[in-house]
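What you see is a predicted model, and the numbers here were worked out from it, not measured in a lab. Note on naming: letters A, B, ... go to the chains in the order of the sequence lines (proteins, then strands), and numbering restarts at 1 for each one. We use all heavy atoms of the structure for the numbers below, so side chains are in, but hydrogens, waters and symmetry mates are not.
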There are 2 protein chains.
Amino acid sequence: MTYTIQQISTMFGLSHPTLRYYEEIGLLPPVARNSGKQRVYTEEHINRLRAIECFKDAELSIAKMQDFFRYEENLTENIDPILLLVQEQETELSQRIETLQKALSHIQHKVRYYDGIKKAMEANTAWPRWEDC
Amino acid sequence: MTYTIQQISTMFGLSHPTLRYYEEIGLLPPVARNSGKQRVYTEEHINRLRAIECFKDAELSIAKMQDFFRYEENLTENIDPILLLVQEQETELSQRIETLQKALSHIQHKVRYYDGIKKAMEANTAWPRWEDC
DNA sequence: TCTTGCATTCAAGTATACTTGAAGTGTTAT
DNA sequence: ATAACACTTCAAGTATACTTGAATGCAAGA
């Protein structure tokens, strides 16, 4: 089964230029062409794009994705660097989540605070005061 | 109490150029100068920088911080937009945390997988196979 | 055949958030 | 006084991840 750039674009929500850009920087494997020089994508590209989607969610930079895919091509040689790469990403990601959770509770505090003020303004009563967090 | 750019820089881990940049774009209130034209920061700047720190953790863009601080100056007029701003950030942030948590479990899966391979290579036993997530 | 439309290349531009460089001024220690 | 260092301005550069524009090519339907 093969796919056009249009189909891939729709499938993954990526623009044509973005797909060509990924190919240009080697994030996608080379894409074959049909008689009219148009790109013909295969399952290989679908799988790679699924991996890219997942890594993007995990906030991996394009450079690290490139490393990852390079390592994966010769896993026996590169088991140490690839393991390190995913372990580091695991650490970064869990720290990031922790930071975001703290920030979320700050923001939620602010939501309650400004909502209290709005209610007080509407009811013409005294404003709540800011409780430090 | 007043502070030099050096003290503020150390306190918040921001470079001198970054502090001047924040001032230039109006993220910091205007900074007074001493006889030698050097910046003199006050508690007002410390408080603002603490707020900026918190918003940065919450992934607020500089543009939104600018909006926030502008709204805060006249809260009575701007209670609706400021409430909207923090509510939107709350929503975005919790969605972001959810995405990151899913991504984290993908990455943890990969860590276990590649660690299994490494162990198998060392023990010269069969490689584990990839279990799809 | 002609037009419409999708596809192509390649270079240049965009957004965000800073950083770096050059050149000069002011302050402090010896 | 003089060196060393901190601070100043202003413009230009950087990194990441794309996007946009201009010019051209091919292919299929009216």
For this session: Give the rounded distance in Å between these two atoms: CD of A:E23 and P of C:dC10.
Result: 12 Å
Problem set entry | Separation of C:dT27 P from B:I5 CD1 (nearest whole Å) | 15 Å
Exercise. Rounded to the nearest Å, what distance is computed from the CG atom of residue A:L60 to the P atom of nucleotide D:dA17?
Worked result: 10 Å
Seminar exercise, completed: Rounding to 0.5 Å, atoms NE2 (A:H109) and CG (A:L104) come to a distance of 13.0 Å
Exercise. Rounded to the nearest Å, what distance is computed from the OH atom of residue B:Y41 to the P atom of nucleotide D:dA6?
Worked result: 16 Å
Exercise. Choosing from C:dT19, C:dT27, C:dA7, which nucleotide comes nearest the side chain of B:S15?
Worked result: C:dT19
Exercise. Do B:N34 side-chain atoms and B:K37 backbone N/O form a donor-acceptor pair below 3.5 Å?
Worked result: yes
Exercise. Any idea which of D:dC18, C:dT19, D:dA27 is nearest the B:Y21 side chain?
Worked result: C:dT19
Exercise. Under 4.0 angstrom, heavy atoms only, what part of the nucleic acid is B:R39 near: base, sugar-phosphate, or nothing?
Worked result: sugar-phosphate
Exercise. Roughly, in whole Å, what's the span from CD in B:Q6 to P in D:dT8?
Worked result: 11 Å
Seminar exercise, completed: Quick note, A:Q38 side chain, CB onward, closest among D:dT8, C:dA7, C:dT19 is C:dA7
Seminar exercise, completed: The residue, B:S61 or A:Q7, whose nearest nucleotide of DNA chain C is more 5′ is A:Q7
For this session: For the side chain of B:I62, starting at C-beta, report the closest nucleotide among D:dT8, C:dC18, D:dT19.
Result: C:dC18
Problem set entry | Closest-nucleotide ordering on DNA chain D, the 5'-leading residue of A:G36 and A:L14 | A:L14
For this session: Output the single nucleotide from D:dC7, C:dA7, C:dC18 whose closest atom is nearest the side chain of B:K56.
Result: C:dC18
For this session: Answer yes or no: is there a donor N or O on one side and an acceptor on the other, between the side chain of B:T125 and the main chain of B:M121, under 3.5 Å?
Result: no
For this session: Would you check if the side chain of B:S9 reaches a backbone N or O of B:L14 as a donor-acceptor pair within less than 3.5 Å?
Result: yes
Exercise. To the side chain of B:R20, which of C:dC18, C:dA7, D:dT8 is closest?
Worked result: D:dT8
Exercise. NE2 of B:H16 versus C1' of D:dT8: gap in Å, rounded?
Worked result: 12 Å
For this session: Please determine if a side-chain N or O atom of B:Y22 lies less than 4.0 Å away from the OP1 or OP2 oxygen of C:dA17.
Result: no
Problem set entry | Nucleotide of C:dT9, C:dA7, C:dA17 approaching A:R33 most closely (side-chain heavy atoms) | C:dT9
Exercise. Rounded to whole angstrom units, what separation is found between the CD1 atom of B:I25 and the P atom of C:dA15?
Worked result: 15 Å
Exercise. Taking the inter-plane angle between the rings of B:W130 and B:Y113 on a 0 to 90° scale, is it parallel (under 30°), tilted (30 to 60°) or perpendicular (over 60°)?
Worked result: perpendicular
Seminar exercise, completed: To the nearest angstrom, the CD-P distance between A:E24 and D:dA17 comes to 14 Å
Exercise. Where the side chain of B:T18 is defined as all heavy atoms beyond and including C-beta, which of D:dA17, C:dT19, C:dT27 is the nearest nucleotide?
Worked result: C:dT19
